[in-house]
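We name chains A, B, ... by the order of the sequence lines, and we start the count at 1 in each one.
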Protein chains: 2
Amino acid sequence: MLMSADTDVIRVLADPLRLRIITLLARETLCTTHLVAETGARQTNLSNHLRVLREAGLVETEPCGRFTYYRLRPETLEGLAGSLAGLAATARETAATDRRRAC
Amino acid sequence: MLMSADTDVIRVLADPLRLRIITLLARETLCTTHLVAETGARQTNLSNHLRVLREAGLVETEPCGRFTYYRLRPETLEGLAGSLAGLAATARETAATDRRRAC
DNA sequence: CGCTGACATCAGCATGCGCTGATACTATCG
DNA sequence: CGATAGTATCAGCGCATGCTGATGTCAGCG
């Protein structure tokens, strides 16, 4: 239910600034300059985080002249959401039937 | 769509051993000894992680004599899964309508 | 062409945090 | 009552990683 790939995605999401970027990109596609203005972080810092997000498959880039648009890929987030929902469902079943291992 | 509380939950999940604990507890309620046997980690290490999981509201304890059973709480995981699914849905809408900010 | 602005890369620093060993506490058993 | 087993707490160490400043590259514009 929980793939090992999900571990990496969670690690990538587990940073306040990266999560902020994700929420901003969910609403509209932006380029680095916009993200600098929105978050107040340095351009270098944002560029590093965007690299991490890109390598994790969470965002994809669209070069546009000297600008670089960043778009949020829904598939990765959906996959993680599904895995977590599956875990929660299993836990609910475990709690309902009081499934436990004897000591 | 993404509450600030979700940030903390994600940070807590962003550790391989803690995620392992979560998947094990999803299937059956266990006590620390079982988790030591399953994961191969030291008891001290597990106890520290279980404390983090407890404080994040991801697991709850059930004392049973000198044992301590740990049960996975589905609500927290469900809330996070819902938030992530909402983000993914927003991103899908953004991609479909090509919503972007001009440079 | 030079210049500027958008963006990426790299090395260094500093903080966070996961792991460990030592220790203490409690419940059960002989 | 010891003795032991299950568990929690704490201080310390070491590594991972996020932030920064300097630098490089490329595109557009005068």
Side-chain angles (χ1 to χ4, degrees), chain A residues 4 6-25 28-72 100-103, chain B residues 4 6-25 28-72 100-103:
Chain A
S4 63
D6 291 327
T7 308
D8 302 325
V9 177
I10 296 178
R11 287 199 81 91
V12 168
L13 289 179
D15 178 86
L17 184 50
R18 282 201 287 262
L19 209 53
R20 184 90 208 290
I21 295 172
I22 292 290
T23 62
L24 288 170
L25 291 182
E28 48 178 350
T29 297
L30 301 170
C31 48
T32 313
T33 310
H34 298 139
L35 291 171
V36 170
E38 290 283 345
T39 64
R42 314 263 176 188
Q43 180 267 325
T44 301
N45 191 11
L46 276 176
S47 193
N48 284 330
H49 281 301
L50 288 169
R51 173 188 235 262
V52 174
L53 290 171
R54 195 184 332 131
E55 290 174 346
L58 278 165
V59 304
E60 61 187 2
T61 63
E62 180 190 339
C64 176
R66 52 179 172 170
F67 305 102
T68 306
Y69 275 103
Y70 280 88
R71 180 183 9 248
L72 184 58
R100 71 177 60 207
R101 189 183 304 184
C103 282
Chain B
S4 62
D6 292 326
T7 309
D8 302 325
V9 177
I10 296 177
R11 288 200 79 91
V12 168
L13 289 180
D15 179 87
L17 183 50
R18 281 201 288 264
L19 209 53
R20 186 89 208 290
I21 295 172
I22 292 290
T23 61
L24 288 170
L25 290 182
E28 49 179 350
T29 297
L30 301 170
C31 48
T32 314
T33 309
H34 298 139
L35 291 171
V36 170
E38 291 282 347
T39 64
R42 313 263 176 188
Q43 179 267 326
T44 302
N45 190 12
L46 276 176
S47 191
N48 284 330
H49 282 302
L50 288 169
R51 173 187 235 260
V52 174
L53 290 172
R54 193 184 333 130
E55 290 174 346
L58 278 165
V59 304
E60 60 188 3
T61 63
E62 180 190 339
C64 176
R66 52 180 171 170
F67 305 102
T68 305
Y69 275 104
Y70 279 88
R71 180 187 5 252
L72 185 59
R100 72 177 59 207
R101 190 182 301 184
C103 284

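To the nearest 0.5 angstrom, Arg20(A) atom CZ is 11.0 Å from Leu25(A) atom CG. Once rounded to the nearest 0.5 Å, the distance linking OG1 of Thr68(B) with CG of Leu35(B) reads 11.0 Å.
In this structure, the side chain to side chain donor-acceptor pair (under 3.5 Å) partners of Arg54(B), at least two apart in sequence or on a different chain, are Tyr70(B). Residues satisfying the side chain to side chain contact (heavy atoms under 4.5 Å, CB included) test with Glu55(B), not counting sequence neighbours, are Arg51(B).
Residues in residues 31-50 of chain A take part in these salt bridge (Lys or Arg N to Asp or Glu O under 4.0 Å) pairs, two or more places apart or across chains: Glu38(A)-Arg101(B).
Put simply, chain A comes within 4.0 Å of DNA chain C, heavy atom to any atom, from dG5(C) to dC10(C), going 5' to 3'.
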Without placing hydrogens or testing angles, list every side-chain donor-acceptor pair under 3.5 Å for residues 8-16 of chain B, not counting sequence neighbours.
from: Arg11(B); atom 1: NH1; to: Ala14(A); atom 2: O; distance (Å): 3.1
from: Asp15(B); atom 1: OD2; to: Leu17(B); atom 2: N; distance (Å): 3.1
from: Asp15(B); atom 1: OD2; to: Arg18(B); atom 2: N; distance (Å): 3.1

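Salt-bridge check for Arg71(B) with Glu60(B): passed, with a basic side-chain N closer than 4.0 Å to an acidic carboxylate O.
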Which letter, B, S or -, goes with each nucleotide of nucleotides 6-17 of chain D from 5' to 3', with contact meaning a protein heavy atom under 4.0 Å?
-> SBBBB------S
